[in-house]
Amino acid sequence: MRLRENTRLAIAIQHAILIDATVGAAHAWAYLSALDVPQSTILRVLSSTGRRRASDPQAARQVTTG
């Protein structure tokens, strides 16, 4: 796995993902905005539950039966 070059940003993103999972994307967006994270980055992080960068492991797929 490739190490992130910006540790502060990496920690903020991890925290925002937890915020998103617990209280929602709006709070996570506000948190990242307050830290001056670019909107394009915020959108990419919060719009998908899949991989957020090429070196991340593939997200587990949920299989639903109906």
Side-chain angles (χ1 to χ4, degrees):
M1 180 170 72
R2 182 174 57 113
L3 294 176
R4 294 183 189 263
E5 295 176 10
N6 187 335
T7 304
R8 183 191 73 77
L9 179 59
I11 292 168
I13 297 285
Q14 291 284 334
H15 194 76
I17 292 168
L18 292 173
I19 292 170
D20 182 24
T22 57
V23 294
H27 291 278
W29 188 290
Y31 168 75
L32 290 173
S33 291
L35 296 176
D36 295 324
V37 174
Q39 286 188 1
S40 61
T41 301
I42 297 171
L43 184 60
R44 186 179 71 246
V45 168
L46 299 179
S47 68
S48 174
T49 58
R51 292 188 297 175
R52 289 175 171 84
R53 59 187 177 134
S55 62
D56 284 346
Q58 181 66 38
R61 293 183 185 168
Q62 291 183 341
V63 178
T64 59
T65 57

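Heavy atoms only: backbone and side chains are in, while hydrogens, waters and symmetry mates are out. What you see is a predicted model; the values in this text were computed from it and never measured. When a residue number appears, it is its place in the shown sequence, counting from 1.
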Does the side chain of I13 reach to within under 4.5 Å of the side chain of T41, using non-hydrogen atoms? yes
Path from L43 to L46 over hydrophobic side-chain contacts below 4.5 Å: yes
Would you kindly confirm whether V37 and V23 end up in one hydrophobic cluster when ILVMFWY residues are joined by side chain heavy atoms under 4.5 Å apart? yes
To the nearest 0.5 Å, tell me how far Q14 CD sits from I19 CD1. 11.5 Å
Under 3.5 Å donor-acceptor pairs involving side-chain atoms of residues 24-33, not counting sequence neighbours:
from	atom 1	to	atom 2	distance (Å)
W29	NE1	S33	OG	3.3
S33	OG	W29	O	3.0

